[in-house]
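One structure below.
On a predicted model such as this, the values are computed, not experimentally measured, just so you know. Computed over heavy atoms, backbone and side chain alike; hydrogens, waters and symmetry mates excluded. Just so it is clear: chains get the letters A, B, ... in the order the sequence lines come, proteins before strands, and each one is counted from 1.
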2 protein chains.
Amino acid sequence: MVILNVDLASEIPIYQQLRDQIVEAIADGVLTKGSSLPATRTLAADFGINFHTVNKAYDLLRQQGLIQLNRKTGAVVTSTVADPPLPAEWTARARTLLAEAVARGLPADEVLKTCRSVLDSFGTTPPEDTP
Amino acid sequence: MVILNVDLASEIPIYQQLRDQIVEAIADGVLTKGSSLPATRTLAADFGINFHTVNKAYDLLRQQGLIQLNRKTGAVVTSTVADPPLPAEWTARARTLLAEAVARGLPADEVLKTCRSVLDSFGTTPPEDTP
DNA sequence: ATATTTGTTCTATAACTTATAGAACAAAGG
DNA sequence: CCTTTGTTCTATAAGTTATAGAACAAATAT
């Protein structure tokens, strides 16, 4: 299973950390269509957190169409979103993030280069063996 | 003064909305070095919010080196950050945001194109007349 | 020197969010 | 039928957000 971790000292809520890491694992190709995620109770036990917290992360991912939740068989990565336009909310967050860099004085080209580096880093992690 | 607005129904905390909008105005060139921001009490009165809330937004901006707060003369946009490397936190947020797009199935080139569009949109808003 | 304006600090309350907790239910596979 | 998994309900506690009042201090204008 892909390595997830939880930083209890982080300002980012735990459920958000889990969701973020799973999204990044999908983008990385580490998790692909059909990959299973650990059960909510298992992951909770692993991290010493509550399974409701894990469930909240999974439910976010389900709402975003990235995973499917089934009783007994558990959480599974879906195929990529069939019609994946970026929501307006995504663009708003991108605008804020990029504005922060530009407001700091970085040239737009350099910001774009950083984004390209991040995008290029996806897919370099070997996918896990799906059982 | 640059148009700020507050959406009380938003999930984004009020102080964060104000901070985000000011950052974007700086990136846009609408606010430049030396531009004044409204006083905390003035902005609070304009929006029917508490001046402590506005102060929290201004304090974030001050911590990020984007504005300077002076008693009596108020908040002023500083020159761009002298040595503006992007903090690791910025890159982490970029990674999460970009991962969301890629996880949805968008090709990296298309995501990059969207980022470029956003970056290109900065600076197209005419700067305000600084009094 | 005083008044005014602005940010800053302190204390306090209320509502909401996050995380936890327990219990139970329901679906599904072995 | 048992086990495993997600789902739902109710509840509490701690932290965050926003508000509120009051006061202080710095700085400018008069």
Side-chain angles (χ1 to χ4, degrees), chain A residues 1 4-22 31 34-78 89 96 130-131, chain B residues 1 4-22 31 34-78 89 96 130-131:
Chain A
M1 167 57 204
L4 294 172
N5 64 67
V6 160
D7 177 8
L8 297 177
S10 173
E11 289 184 1
I12 301 174
I14 295 173
Y15 74 91
Q16 193 69 41
Q17 289 179 49
L18 291 172
R19 187 220 72 113
D20 290 352
Q21 288 168 37
I22 292 168
L31 288 174
S35 296
S36 291
L37 295 174
T40 55
R41 288 174 179 81
T42 305
L43 206 56
D46 287 348
F47 291 128
I49 62 179
N50 197 269
F51 77 87
H52 293 288
T53 304
V54 179
N55 188 69
K56 186 162 181 175
Y58 279 17
D59 200 60
L60 273 185
L61 291 160
R62 181 188 59 77
Q63 287 175 34
Q64 284 151 11
L66 295 173
I67 68 171
Q68 240 177 313
L69 293 170
N70 305 297
R71 300 184 192 194
K72 183 64 179 173
T73 53
V76 171
V77 176
T78 54
E89 182 263 351
T96 301
T130 42
Chain B
M1 168 56 202
L4 294 171
N5 64 67
V6 160
D7 178 7
L8 296 176
S10 174
E11 288 183 3
I12 301 173
I14 295 174
Y15 74 92
Q16 193 70 39
Q17 290 179 48
L18 291 172
R19 188 219 70 114
D20 289 353
Q21 289 167 36
I22 292 168
L31 287 175
S35 296
S36 293
L37 295 174
T40 54
R41 287 174 179 80
T42 305
L43 207 55
D46 287 348
F47 291 129
I49 62 179
N50 197 270
F51 77 88
H52 292 289
T53 304
V54 179
N55 189 66
K56 186 161 180 174
Y58 279 18
D59 201 60
L60 274 185
L61 292 160
R62 180 188 60 77
Q63 286 176 34
Q64 283 149 14
L66 296 173
I67 68 170
Q68 238 175 314
L69 294 170
N70 305 298
R71 300 183 192 194
K72 182 65 179 172
T73 53
V76 171
V77 176
T78 54
E89 182 263 350
T96 301
T130 44

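Checked by distance alone, A:His52 brings a side-chain donor or acceptor within 3.5 Å of a matching partner on the base of C:dG22. For A:Arg71 against C:dG29, a side-chain-to-base donor-acceptor contact under 3.5 Å is absent.
Between B:Asn55 and C:dT8 there is a side-chain N or O to OP1 or OP2 distance below 4.0 Å. For the pair B:Lys56 and D:dA18, the criterion of a side-chain N or O lying under 4.0 Å from OP1 or OP2 is not met. Contact annotation: A:Thr53 side-chain N/O to C:dT20 OP1/OP2 distance is under 4.0 Å. Regarding contacts with the backbone of D:dT3, every side-chain N or O of A:Lys72 stays at 4.0 angstrom or more from both OP1 and OP2. Distances shorter than 4.0 Å separate none of the side-chain N or O atoms of A:Thr73 from OP1 or OP2 on C:dA28. Listed pair B:Tyr15 / D:dT17 meets the phosphate criterion, a side-chain N or O lying under 4.0 Å from OP1 or OP2. Of the side-chain N and O atoms in B:Tyr58, none sit less than 4.0 angstrom from OP1 or OP2 of C:dG7.
Whole-Å rounding puts the A:Phe51 CZ to C:dT18 C1' distance at 16 Å. Between the CG atom of A:Leu8 and the P atom of D:dA14 there is a distance of 17 Å, rounded to whole Å. A straight line from CZ of A:Phe47 to C1' of C:dT20 spans 17 Å, rounded to a whole angstrom. Here the P atom of nucleotide D:dT17 and the CZ atom of B:Arg19 are 13 Å apart, to the nearest Å. Atom-to-atom, CG of A:Leu43 to P of D:dT5 comes out at 12 Å; the value is rounded to the nearest Å. One atom, CD of B:Gln16, and another, P of C:dC16, lie 20 Å apart when rounded to the nearest Å. In this structure, CD1 of A:Ile49 is placed 15 Å from P of C:dG22, rounded to the nearest angstrom. In this structure, B:Leu18 atom CG and D:dT17 atom P are separated by 14 Å, rounded to whole Å.
Residue contacts for B:Asp59: at a heavy-atom cut-off of 4.0 Å it reaches no nucleic acid atom on any strand shown.
Heavy atoms only, all atoms of each residue included: B:Leu69 and B:Ala75 are closest at CD2-CB, 3.4 Å. Nearest heavy-atom pair across B:Phe51 and B:Thr40 is CB-O, 3.7 Å.
In the set C:dG7, D:dT19, D:dT8, C:dG7 carries the atom at the smallest distance from any side-chain atom of B:Ala75. Counting only heavy atoms from C-beta on, A:Asn50 has its side chain closest to C:dA21 among D:dT5, C:dA21, C:dG7. Side-chain proximity of B:Arg41 to the nucleotides D:dT19, D:dG6, C:dT6 is greatest for C:dT6. Listed nucleotides: D:dT7, D:dT17, C:dT20. Nearest to the side chain of A:Ile14: C:dT20.
Position along DNA chain C of the nearest nucleotide to A:Gly48 versus A:Asn70 favours A:Gly48 as the more 5'-ward residue.
Annotation for B:Gln63: atom CD counts as buried by contact number, over 12 foreign heavy atoms lying within 6.0 Å.
Salt bridge A:Asp59/A:Arg62: present, at least one basic N to carboxylate O contact under 4.0 Å.
The CD1 atom of B:Ile22 sits 7.0 Å away from atom CG of B:Leu43, with the distance rounded to the nearest 0.5 Å.
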- Item | CA sep, side-chain torsions, deciding dist, call: B:Val6, B:Leu8, side chain to side chain contact (heavy atoms under 4.5 Å, CB included) | CA-CA 6 Å; B:Val6 160; B:Leu8 296 176; 3.7 Å; yes
